[in-house]
Amino acid sequence: QVQLVESGGGLVQTGDSLRLSCAASGRTISSSTMGWFRQTPGKERKFVAAISRTGVATYYTDSVKGRCTISRDTAKNTVYLQMNSLKPEDTAVYYCAADRRDVPWPLSTQRDDYAYWGQGTQVTVSS
């Protein structure tokens, strides 16, 4: 059974940094494109970043480009999201997910393409 567990969220101030982690079990992260999404109350879950099976290719939503970096550590079977220069609008519950499709490309920004989800970790950025 595939399980994804996020951690690393917390309360920070504007301009601070956080590194979110997503530990996988029952599946190697190298077998799937991995993504990060975020959601606030009353809004849909939105794409943040994705990384290819090998980690060579990455893709980011415009609002986080230049501030966030997604990466893989195959030995630890973990995906990370490094977030710098955080803003109040980054406040959300962050979820990691694994693409269900048996294709290496393109990297998906669509929720329905991801079959496995973590429980989420809260990120709150105060001003």
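Everything numeric in this text was worked out from a predicted model, so none of it was measured.
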Ring-face cation contact, Tyr95 with Arg45, 6.0 Å cut, 45° max: yes
Heavy-atom donor-acceptor pair, Asn77 side chain to Ile29 backbone, under 3.5 Å: yes
Side chain proximity check, Lys46 to Thr61, heavy atoms < 4.5 angstrom: no
Worked check of ring pair (Phe, Tyr, Trp, His ring centres under 6.0 Å) between Phe37 and Tyr114: CA-CA 10 Å; Phe37 290 74; Tyr114 292 83; 5.2 Å; yes
Donor-acceptor contact present, side-chain Arg72 to main-chain Ile51, <3.5 Å: yes
Short side-chain to backbone donor-acceptor contact, Glu6 and Gly120, under 3.5 Å: yes
Donor-acceptor under 3.5 Å (Arg38 side chain, Tyr94 main chain): no
Any donor-acceptor pair under 3.5 Å from Ser30 side chain to Thr28 backbone: no
Distance-only polar pair, side chains of Thr124 and Gln122, donor-acceptor under 3.5 Å: yes
Cys22 versus Trp36, closest heavy-atom pair with distance: CB-CZ2, 3.7 Å
Asp112/Arg100 salt bridge by N-O under 4.0 Å criterion: no
Flag, side chain of Ser108 to backbone of Asp113, donor-acceptor distance under 3.5 Å: no
Pairwise distance CG(Asp90) to OG1(Thr14) - rounded to 0.5 angstrom: 9.0 Å
